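These figures come from a predicted structure and were not determined experimentally.
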Amino acid sequence: MRTAFKKLYDLGLIYRGERIVNWDPVGQTTISDEEVVYRETTGTFYYFKYGPFTIATARPETKFRDKYLVMHPDDERYAEYQHGDTLSIEWIDGPVEATILKDEIVDPTFGTGVMTITPWHSQEDFDLAEKYHLEKEPIIGLDGRLLPVAGQFAGQTIEEAREKIVAKLEEKGLLVKREENYVHQLATASAPAASSSPRFSNSGSSPSIRNSNQVAGKQRSKHSCIRPCARRKLPSCPNASRKTISIGSTICVTGASHARSGSGTAFRFGNRGEEVFVGLEAPEDTGWEQDPDTLDTWFSSGLWTFSTLGWPEKTADLETYHPTTLLETGYDILFFWVARMILFSECLLGEVPFKTVYLHGLVRDDQGRKLSKSLGNAVDPLEVIEVYGTDALRLALTSGTTPGNDVRLSDQKIEANRNFANKLWNIARYAASAKAETPEAKSLADRFILEALDETILTVTQALENYQLSIAIETLRAFTWDDFADWYIEIHKLEKNDGVLRHVLDTLLRLWHPFMPFVTEALFQQSNDEDGALLMGSRWPQAQKTAPDSARADFEVLRHLVTEIRNLRATYHLNPKTTLSYTLTGDAAPLLTEQAALIEKLVSAELVQSASDAPAIKLVHGRFEAAVFLPSDFDRSAERARLEKEQANLTRFHQSLAARLENSDFTKQAPEAVVAAQRNSLAETEEKLEKLSRSIHDLSA
RNA sequence: GGAUGAUUAGCUCAGCUGGUUAGAGCGUUCGAUUCACAUUCGAAAGGUCACUGGUUCGAGUCCAGUAUCAUCCACCA
């Protein structure tokens, strides 16, 4: 930090000068601009007679020495007064000599269009005073009390003095009116360290950083130092855009940081009378006094990317890890932290510290409130972990999120993710009894799960490369729970293929590892105990993709039949133990016949060759038609309603497809693949509709 | 005052360069039961994608405007 400070000082980027700073009279310290928050406050707005003018103010106690009147040059009401005119005015302690200034900074529509200025206690007034070389005089002391200039009010606090001063002006007939309920923004310190009393602007001598054109210019020349990894724009932030980062004019770098960055000895900035010394070590001769100011906490934070790697030493770590690829942080400190890291790194090392910034949202509570100490809604990660586990918390924070959007964290959400971690654990427990074999697809289910696994690998890999965590997790979750656990493992109980089972699980552990490092590592250790290798260091899976998909489509047919039969059972409250029978026709009949034994075990439904006399329900699919025989007392009208609902759905779909395909603009301009797919879809839909209407007809017969 | 984001199922949120009937989790309803897992299994219901225009053969997706909410920045005597 000392090195950085000295270098910036030598470059003329850090200097000491008089500026308006935020002064905390209780903490006896300046507050960095970044640590000031504005709270909406309701107060009184006073109008006073000031010579021929009326002026308005919320802070009458600062007005003792006001002797400059400012108005807009084009304000017709005051056209008779010229810039530089002087006039004698009766004021708080007798007559003052006032000077007229004309400046465009004044908003003619606010108040009376005339204001007096108090250079020492207002940024805008300070700027005006600098512009016209006016005298600047403090009215309020560093202890928050009025100075001797306030005459009879000297030594009083702002709160004590305000109404007394107003009363005195009223006695003198100078109070025009008061407006209650004047809403304005009061500057207060965000750090709770000192006190919650209001701060006020006070001019003082304080080291500041000048954000020179040199730094900003360099930044622009390199551009693209931040690549947002979402399609969104960067959140608002002054001077921050996709291409350039700079910090507004000048920032005050000292502040109330005793509690944060330790001590006043962080940098060497000494004074001996008018002399100034800046160095890495204290000067050897005597008479120097160390500057008591401390640096704002963001100063050291800005050095973080390289100071943590050993800079200013030329360490191996610095060589290897700087600049890095990705910085991940919350959008709320983009301006405070990220911008400073870039500027400091550019200036001191000549390089941008990272290529991409992943900006995550803020964690909020289940009511959408920001976590805060005063609300008491802060979440202690250790407590959550104690109850639900580390991976559950991690998944809850990463799933269903998108860069830059806030995350509501609720017990329900963490619990859902804990349940998933538990599911994965149980899957592995089931697989633990499987023998280690070379994975080789034997059945339809084997081919299906391997093809689906390949697809999952591709999707997850691509999603991660694009920072789409939500898509990666959702894809993995669906494959793991729906395809693997609920279908493949259930089938594995009937047709064992240990090699495939273990291969899929092993691949899944690798894919899940970034999101659930602890559970996956533990499971990996259990199944690979021989060489002690870590999952963390193992290879990311590659898709095999040897043959074009076919098993997935076939398996979907099987899955559809099974689901439909289960659906029938649920609809008609059929005893799950009763074995149903069904017949099959259609393209996929041979395929399904081959799988009949499996289907029978999955849904207790037996394939028969010829129709029985029992009432049948037709299950209609694009590739098959099944007749399922039910007990004679099933509810025909319910079935009819079910079929008619599906018919209505399909008809609507059919109409939209047909309309689209009849539109010659569509068939001419849309890509061929899209048109072909929709033609195909239309044909399938027509076939289904035909089967459906036959079923409905049969049911009525 | 300036800027940005959000608005999709009861709730919390995904939805990439526009392309078939809109997705998940939780919750709800109906059913199952101890099999790796009740921290479970099967099934179902539930949405005019805030509103109004525009671009396009085609819009949740792109553009403009409006409304509401949130956040950041700047702050007025």
S.K.: Between A:His492 and A:Tyr430, is the gap from one ring center to the other below 6.0 Å?
M.R.: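 Ring-ring flag for A:His492/A:Tyr430: true, centres closer than 6.0 Å.
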S.K.: Of the nucleotides B:C37, B:C30, B:G15, which has the atom closest to the A:Lys493 side chain?
M.R.: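 Selected nucleotide (nearest to the side chain): B:C37.
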S.K.: Along nucleotides 42-49 of chain B, 5' to 3', which nucleotides get a B, which get an S, and which get a -, given that the test is a protein heavy-atom distance under 4.0 Å?
M.R.: SSSS----
S.K.: Can you tell me how far P of B:A24 sits from CG of A:Leu395, to the nearest Å?
M.R.: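 Atom-to-atom, A:Leu395 to B:A24, this comes out as 18 Å.
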S.K.: Run the side-chain hydrogen bond (donor to acceptor under 3.5 Å, both in side chains) test against A:Thr456 and tell me which residues pass, sequence neighbours left out.
M.R.: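 A:Thr456 satisfies side-chain hydrogen bond (donor to acceptor under 3.5 Å, both in side chains) with no other residue.
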S.K.: How long is the line joining OH of A:Tyr488 and P of B:A36, in whole Å?
M.R.: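 Those two atoms, OH and P, are 16 Å apart.
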S.K.: Considering only atom P, compute the distance from B:U56 to B:C63 and round it to an integer number of Å.
M.R.: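 Their P atoms lie roughly 16 Å apart.
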S.K.: For A:Val407, report the nucleic acid contact type (base, sugar-phosphate, nothing); a contact means any heavy atom under 4.0 Å.
M.R.: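 Contact class for A:Val407: none.
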S.K.: Rounded to whole angstrom units, what separation is found between the CD1 atom of A:Ile427 and the C1' atom of B:U40?
M.R.: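 So the two atoms are 12 Å apart, to the nearest Å.
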S.K.: List for me each residue that meets side-chain hydrogen bond (donor to acceptor under 3.5 Å, both in side chains) alongside A:His360, sequence neighbours excluded, and say none if there are none.
M.R.: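 A:His360 satisfies side-chain hydrogen bond (donor to acceptor under 3.5 Å, both in side chains) with A:Glu328 only.
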S.K.: Run the ring-ring contact (aromatic ring centres under 6.0 Å, His included) test against A:Phe518 and tell me which residues pass, sequence neighbours left out.
M.R.: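 In terms of ring-ring contact (aromatic ring centres under 6.0 Å, His included), with neighbours along the sequence ignored, A:Phe518 is linked to no residue.
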S.K.: Run through A:Asp483, A:Asp482, A:Asp486 and flag the one making a salt bridge (charged side-chain N to carboxylate O under 4.0 Å, His left out) with A:Arg559.
M.R.: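 Exactly one option meets the salt bridge (charged side-chain N to carboxylate O under 4.0 Å, His left out) with A:Arg559, and it is A:Asp483.
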S.K.: Grab the CG-P distance between A:Leu523 and B:A36 for me, whole Å please.
M.R.: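 It works out to 17 Å between those atoms.
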S.K.: With a cut-off of less than 4.0 Å, is there a side-chain N or O of A:Arg408 near OP1 or OP2 of B:C13?
M.R.: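 It does, given that an N or O in the side chain of A:Arg408 lies less than 4.0 Å from OP1 or OP2 of B:C13.
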S.K.: Hunt down any stem RNA chain B takes part in, defined as 3 or more consecutive Watson-Crick or G-U pairs whose two distances are each under 3.5 Å.
M.R.: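 Stems found: B:1-7 with B:67-73, B:10-13 with B:23-26, B:28-32 with B:40-44, B:50-54 with B:62-66.
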S.K.: Expressed as a whole number of Å, how far does the P atom of B:C49 sit from that of B:G19?
M.R.: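 That atom pair is separated by 16 Å.
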S.K.: Would you kindly check whether a donor in the side chain of A:Lys63 faces an acceptor in the base of B:A77, or vice versa, at under 3.5 angstrom?
M.R.: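 Donor-acceptor pair under 3.5 Å: no.
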S.K.: Within the structure, does a side-chain N or O atom of A:Trp481 lie under 4.0 Å from either OP1 or OP2 of B:C41?
M.R.: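 Affirmative; the distance criterion is met.
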S.K.: Which pairs with one or both residues in residues 393-422 of chain A pass ring pair (Phe, Tyr, Trp, His ring centres under 6.0 Å), sequence neighbours excluded?
M.R.: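 Counting only pairs at least two positions apart or across chains, the ring pair (Phe, Tyr, Trp, His ring centres under 6.0 Å) contacts touching residues 393-422 of chain A are A:Phe420-A:Trp481, A:Phe420-A:Trp512.
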S.K.: I need the CG-P distance between A:Asp406 and B:A70, as an integer number of Å.
M.R.: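 My rounded result for the distance is 13 Å.
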S.K.: Determine: side-chain N/O of A:Asn426 to OP1/OP2 of B:U40, distance under 4.0 Å, yes or no.
M.R.: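 No.
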S.K.: For B:A74 and B:A3, measure between their C1' atoms and round to the nearest Å.
M.R.: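 It comes out at 11 Å once rounded to the nearest Å.
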S.K.: Contact class for A:Ser433 (heavy atom, under 4.0 Å): base, sugar-phosphate, or nothing?
M.R.: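 The residue A:Ser433 makes no contact with any strand.
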S.K.: Using the P atoms only, state how far B:C11 lies from B:A50, rounded to an integer number of Å.
M.R.: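 My reading of the P atoms in B:A50 and B:C11 gives 14 Å.
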S.K.: Any salt bridge between A:Asp103 and A:Lys131, counting N to O under 4.0 Å?
M.R.: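 Answer for the salt bridge query: yes.
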S.K.: Where each residue is assigned the nucleotide of RNA chain B containing its nearest heavy atom, which of A:Ile471 and A:Ala58 is assigned the position nearer the 5′ end?
M.R.: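 Nearer the 5' end of the strand: A:Ile471.
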S.K.: Can you pull the salt bridge (Lys or Arg N to Asp or Glu O under 4.0 Å) pairs that have at least one residue in residues 389-406 of chain A, sequence neighbours excluded?
M.R.: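 As it turns out, the salt bridge (Lys or Arg N to Asp or Glu O under 4.0 Å) pairs with a partner in residues 389-406 of chain A, which skip direct neighbours, are A:Arg364-A:Asp406.
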S.K.: Taking the nucleotide of RNA chain B with the closest heavy atom to each, which residue, A:Gln462 or A:Ser399, is nearer the 5' end?
M.R.: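 Upstream on the strand: A:Ser399.
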S.K.: Show me the pairs that pass side-chain hydrogen bond (donor to acceptor under 3.5 Å, both in side chains) and involve residues 410-424 of chain A, at least two apart or across chains.
M.R.: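 Applying side-chain hydrogen bond (donor to acceptor under 3.5 Å, both in side chains) to every pair that reaches into residues 410-424 of chain A, excluding sequence neighbours, yields nothing.
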S.K.: What interatomic distance, in whole Å, is found between P of B:C41 and the corresponding atom of B:G5?
M.R.: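 40 Å, rounded to whole Å.
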S.K.: On a whole-Å scale, what distance lies between the P atoms belonging to B:C16 and B:G60?
M.R.: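 My reading of the P atoms in B:C16 and B:G60 gives 13 Å.
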S.K.: In whole Å, what separates the P atom of B:G47 from that of B:G10?
M.R.: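 After rounding to an integer number of Å, I get 7 Å for this pair.
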S.K.: Quick one: A:Asn405 CG to B:G5 C1', roughly how many Å, whole number?
M.R.: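 Spelled out: CG on A:Asn405 to C1' on B:G5 is 7 Å.
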S.K.: Could you state the atom-to-atom distance from CD of A:Gln367 to P of B:C69 in whole Å?
M.R.: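 Result: 18 Å.
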S.K.: What N/O pairs connect the protein and nucleotides 18-21 of chain B at under 3.5 Å? Give each pair on its own line.
M.R.:
from: B:U20; atom 1: O2; to: A:Ser681; atom 2: OG; distance (Å): 2.6
from: B:U21; atom 1: OP1; to: A:Ser656; atom 2: OG; distance (Å): 3.1
from: B:U21; atom 1: OP1; to: A:Arg660; atom 2: NH2; distance (Å): 3.2

S.K.: Please report, rounded to the nearest Å, how far the P atom of B:U40 is from the CZ atom of A:Phe484.
M.R.: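 Atom CZ in A:Phe484 sits about 18 Å away from atom P in B:U40.
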S.K.: What nucleic acid atoms does A:Lys370 come within less than 4.0 Å of, heavy atoms only: base, sugar-phosphate, or nothing?
M.R.: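 Answer is sugar-phosphate: A:Lys370 comes under 4.0 Å of backbone atoms only.
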S.K.: Nearest heavy-atom pair of A:Asp66 and A:Val96: which atoms, and what distance?
M.R.: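 Heavy atoms only, the tightest pair is O-CG2, 4.3 Å.
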S.K.: Counting C-beta onward and ignoring hydrogens, is there a side-chain heavy-atom pair between A:Trp487 and A:Leu602 closer than 4.5 Å?
M.R.: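 A:Trp487 vs A:Leu602: side chains touch.
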S.K.: Check whether any side-chain nitrogen or oxygen of A:Lys423 sits under 4.0 Å from OP1 or OP2 of B:C41, and answer yes or no.
M.R.: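 Yes, such a contact exists.
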S.K.: Are A:Tyr81 and A:Phe53 an aromatic pair by the rule of ring centers under 6.0 Å?
M.R.: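 A:Tyr81 vs A:Phe53: aromatic centres under 6.0 Å.
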S.K.: Given B:U40, B:U71, B:A77, which nucleotide is nearest the side-chain atoms of A:Tyr331?
M.R.: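 From the listed options, B:U71 comes nearest.
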S.K.: Which residue pairs satisfy the salt bridge (Lys or Arg N to Asp or Glu O under 4.0 Å) criterion with at least one member in residues 665-677 of chain A, sequence neighbours excluded?
M.R.: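 Qualifying pairs, neighbours excluded: none.
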S.K.: Where along residues 409-418 of chain A does a heavy atom fall under 4.0 Å from RNA chain B?
M.R.: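 The answer is A:Gln412, A:Ala416, A:Arg418.
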S.K.: Assign A:Arg652 to base, sugar-phosphate, or nothing according to its heavy-atom contacts below 4.0 angstrom with the strands shown.
M.R.: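 Nothing: the residue A:Arg652, judged by heavy atoms under 4.0 Å, touches no strand.
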S.K.: Less than 4.0 angstrom from a charged side-chain N to a carboxylate O is my criterion; do A:Arg566 and A:Glu564 meet it?
M.R.: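 Here A:Arg566 does not pair with A:Glu564 in a salt bridge, since their nearest N and O are not under 4.0 Å apart.
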S.K.: Below 30° counts as parallel, above 60° as perpendicular, anything between as tilted: where do the rings of A:Phe48 and A:Trp91 land?
M.R.: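 Perpendicular.
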S.K.: If you check the A:Asn422 side chain, which of B:A6, B:A36, B:U39 turns out closest?
M.R.: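 It is B:U39.
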S.K.: Expressed as a whole number of Å, how far does the C1' atom of B:G53 sit from that of B:A67?
M.R.: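 One C1' to the other, the span is 15 Å.
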S.K.: Salt bridge check: are A:Lys177 and A:Glu179 linked by an N-O gap of less than 4.0 Å?
M.R.: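 Yes, charged N to carboxylate O under 4.0 Å.
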S.K.: Under 4.0 Å, counting only non-hydrogen atoms across every strand here, what does A:Ala431 touch: a base, just sugar-phosphate, or nothing?
M.R.: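 Nothing, no nucleic acid heavy atom in range.
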S.K.: Partners of A:Glu600 by salt bridge (charged side-chain N to carboxylate O under 4.0 Å, His left out), sequence neighbours excluded?
M.R.: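 A:Glu600 satisfies salt bridge (charged side-chain N to carboxylate O under 4.0 Å, His left out) with no other residue.
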S.K.: So what does A:Ile489 touch, heavy atoms closer than 4.0 Å: a base, only the sugar-phosphate, or nothing?
M.R.: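 Base, at least one base heavy atom under 4.0 Å.
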S.K.: Which nucleotide, B:U71, B:A14, B:C57, lies nearest any side-chain atom of A:Arg364?
M.R.: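 Closest nucleotide to the A:Arg364 side chain: B:U71.
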